[in-house]
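Here's the structure, in structure tokens; my notes come after.
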2 protein chains.
Amino acid sequence: MGTVDKALSLLDYFSESRPEVGLSDLARMAGFDKATVLRLMTSLADRGFVEQNVTTSKYRLGPALLRLANIRESTFPQKASARPILQRMSEESGETVHLMLLGKDSLETLDFIETKAHAMRVHMDAGERISLHASASGLACLAFMPEKQTHQALSGELERFTPRTLTDRAAVLDLLKAVRQDGIAEIDQGFEDGVFGMAAPIFSSHGAVTGSVGIATPFTRMNEPFRKKARSIIQQAANDITRAWGGIEPQADIGGTAA
Amino acid sequence: MGTVDKALSLLDYFSESRPEVGLSDLARMAGFDKATVLRLMTSLADRGFVEQNVTTSKYRLGPALLRLANIRESTFPQKASARPILQRMSEESGETVHLMLLGKDSLETLDFIETKAHAMRVHMDAGERISLHASASGLACLAFMPEKQTHQALSGELERFTPRTLTDRAAVLDLLKAVRQDGIAEIDQGFEDGVFGMAAPIFSSHGAVTGSVGIATPFTRMNEPFRKKARSIIQQAANDITRAWGGIEPQADIGGTAA
DNA sequence: ACCAGCGGTTCAAATATTAAACCGATTAGG
DNA sequence: CCTAATCGGTTTAATATTTGAACCGCTGGT
């Protein structure tokens with residue numbers, strides 16, 4: 001593990017629910033020596049990737065991230081170009097909608113809109129990272145990856161999040177077949193209790209999965225009419241975002257998913 | 001120069017006007033060996049801080065920056081909380097407005113709005129970094145820094161951007177006196193030909209300068225009535241943002257600026 | 001008044017980083 | 001159509017950087 005990799009990995013310990021972290025905590029969580037973490041964090045701080053709370057000297061993510069993200073968005077407006085589509089989804093569905101990006105072996109939250117239509121709604125955390133096997137978004141991606149990559153992603157232990165999480169590799173693979181035919185993945189409380197998730201994949205210009213869009217609703221509001229409606233909303237949105245990002249739907253049965 | 005610092009410094013070669021850079025170019029610009037740059041970029045790419053254009057294999061800024069920026073904004077909504085104020089400035093002034101953050105020895109563009117009121121307007125680049133001595137924003141900051149820091153920031157060669165750029169240390173220091181009394185810095189085409197800039201400082205909770213807000217107008221539209229109006233708009237906005245960010249205006253004559 | 005934990009420092013030992021030459025592939029020019 | 005230059009990327013021994021245990025002084029809780 002290179003030094004750069006270590007430094008960057010430290011940033012992953014910050015989240016919406018843990019926005020500030022102290023030196024010792026960070027060292028413990030990352031499993032690095034305190035002196036190492038200090039030096040790495042100092043490097044990160046010098047470049048503005050983190051900054052320190054002046055009174056507590058805890059670290060938080062820094063303004064350089066905003067600056068660089070702004071540059072990326074201005075020349076490669078992924079988030080901005082999908083926003084209106086997400087907005088429309090949110091209004092049409094009256095539920096929380098989310099746009100995820102496929103990372104190395106996880107999904108990362110790029111954007112989401114929590115519905116205003118209901119007081120009880122699914123809450124999301126900005127920039128959250130979730131594993132592939134337990135969420136509708138994850139399954140949507142897994143279903144359309146090259147077969148090899150799918151197996152690779154499912155090669156480790158499948159973590160259990162709820163009583164209904166599929167932790168059996170075979171069961172997941174089986175489910176993926178249905179998703180492939182359907183174009184949409186659905187999970188009833190597989191990632192979080194009480195949440196019903198639905199999502200469809202987004203494709204790159206080479207026809208590879210790059211992310212997903214989906215809807216997350218309290219399972220109590222899920223019923224057949226709404227499910228139908230949601231499916232069409234999601235399918236439409238996925239197509240629109242794929243197109244907005246310059247992607248193309250892969251030809252049926254290509255992309256390594258067959259046999 | 002540590003390895004982490006080197007890796008992070010590579011990200012600074014990406015900008016709105018140069019969104020994609022190749023390996024050799026990067027090595028040349030940074031003055032590092034090609035093999036070194038490759039390894040650093042590979043580390044950055046593994047973590048999603050950059051990604052490669054599949055067809056050209058040039059690098060561009062990656063989605064991890066968005067993710068982390070989102071987390072920061074969601075828990076520390078600097079940009080979002082200033083947005084409405086910037087919006088109001090834009091509408092009231094009919095000119096391009098900008099919000100800058102004070103970095104190590106430069107200002108970094110956090111946000112801006114180009115006016116829709118005029119076809120001829122001042123254009124800005126997302127995430128641009130500008131030096132302190134030549135812009136109104138920079139002078140606004142310099143004027144309210146601790147004296148030592150001001151001198152430090154002006155210790156190097158002062159780059160000339162236009163015929164009217166102040167490159168004489170003494171002249172800048174002199175101008176800062178006026179800015180201190182005024183609370184607003186003004187520069188007629190000191191950073192870019194044809195652009196008249198005005199800006200006021202923003203303060204942190206400890207009364208230290210952390211950034212600036214300002215207006216940039218084609219100098220041909222600048223006249224005494226508009227100048228008056230702009231001054232009040234800027235002053236109001238600076239106060240509002242300082243407050244929105246939990247900052248306080250420093251007491252007069254404190255902050256090391258006296259004597 | 002204590003102890004435990006904090007952020008931060010030190011320095012010899014251990015390890016990762018570097019740079020020059022080299023590779024095959026691609027592009028530009030004569 | 002052939003040459004030369006440049007591209008992204010790889011390899012290697014030589015080297016500079018990183019590491020971690022023990023140790024600060026300080027703060028906050030009991």
Side-chain angles (χ1 to χ4, degrees), chain A residues 1-15 17-62 72 75-76 104 204-206 208, chain B residues 1-15 17-64 72 75-76 104 204-206 208:
Chain A
M1 197 187 207
T3 320
V4 175
D5 204 51
K6 276 188 194 164
L8 298 181
S9 77
L10 291 175
L11 298 176
D12 281 345
Y13 294 98
F14 297 87
S15 66
S17 55
R18 203 201 283 116
E20 294 200 334
V21 189
L23 180 64
S24 298
D25 270 356
L26 215 41
R28 256 190 301 278
M29 290 189 289
F32 305 151
D33 190 90
K34 214 169 31 149
T36 304
V37 174
L38 175 65
R39 197 171 36 77
L40 297 178
M41 290 307 279
T42 305
S43 295
L44 290 168
D46 281 345
R47 293 267 166 199
F49 284 71
V50 297
E51 61 185 7
Q52 278 182 289
N53 183 320
V54 185
T55 61
T56 64
S57 69
K58 290 193 175 192
Y59 297 90
R60 66 166 165 254
L61 296 173
R72 175 173 155 107
T75 55
F76 199 83
K104 260 188 126 48
S204 75
S205 58
H206 305 276
Chain B
M1 196 187 207
T3 320
V4 176
D5 204 51
K6 275 187 196 167
L8 298 181
S9 77
L10 290 175
L11 298 176
D12 280 345
Y13 294 98
F14 297 86
S15 66
S17 54
R18 202 202 283 114
E20 295 199 333
V21 190
L23 179 64
S24 298
D25 269 356
L26 214 41
R28 257 189 302 277
M29 289 190 290
F32 304 150
D33 190 273
K34 212 169 34 149
T36 304
V37 174
L38 175 65
R39 197 173 36 77
L40 297 177
M41 291 307 281
T42 305
S43 295
L44 290 169
D46 282 345
R47 292 268 166 198
F49 283 71
V50 297
E51 62 185 7
Q52 280 183 288
N53 182 319
V54 186
T55 60
T56 64
S57 71
K58 290 193 174 191
Y59 297 90
R60 63 165 168 253
L61 297 173
R72 174 171 156 109
T75 55
F76 199 84
K104 262 191 125 47
S204 76
S205 60
H206 305 275

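Scope of the values below: all heavy atoms of this structure, side chains included, with no hydrogens, waters or symmetry mates. Residue numbers start from 1 in every chain, and the chains themselves are labelled A, B, ... in the order their sequence lines are given, proteins ahead of strands.
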- Sugar-phosphate means primed atoms, P, OP1 and OP2; the rest is base. With that split, encode nucleotides 4-18 of chain C 5' to 3' as B, S or - using protein heavy atoms under 4.0 Å. --SBBBB-----SSB
- CG/L26(A) to CZ/R18(A) distance, rounded to the nearest 0.5 angstrom? 9.0 Å
- Query: Which atoms form the tightest heavy-atom contact between V37(A) and A27(A), and what is the distance?
  - Reply: CG2-CA, 3.6 Å
- Query: Are any of the side-chain nitrogens in E51(A) or R72(B) under 4.0 Å away from the carboxylate oxygens of its partner?
  - Reply: yes
- Task: Using side-chain contact (heavy atoms from CB on, under 4.5 Å) as the criterion, list what pairs up with A30(B), not counting sequence neighbours.
- Result: L10(B), Y13(B), F32(B)
- Query: Roughly how many Å is it from CE in M41(B) to C1' in dT10(D), rounded to a whole number?
  - Reply: 18 Å
- Message: Just verifying a value: how many Å separate S43(A) OG and K6(A) NZ, rounded to the nearest 0.5 Å?
- Response: 13.0 Å
- Task: Kindly give the heavy-atom pair with the smallest separation between F14(A) and M41(A), and that separation in Å.
- Result: CZ-CE, 3.9 Å
- May I ask you to say whether D25(B) pairs ionically with K58(B), meaning some side-chain N is under 4.0 Å from a carboxylate O? no
- Item | Straight-line distance of Y59(B) OH to F49(B) CZ, nearest 0.5 Å | 16.0 Å
- Estimate the overall bend of the helix from dA1(C)-dT30(D) to dG30(C)-dC1(D) from the end axes over five pairs each, rounded to 10 degrees. 50°
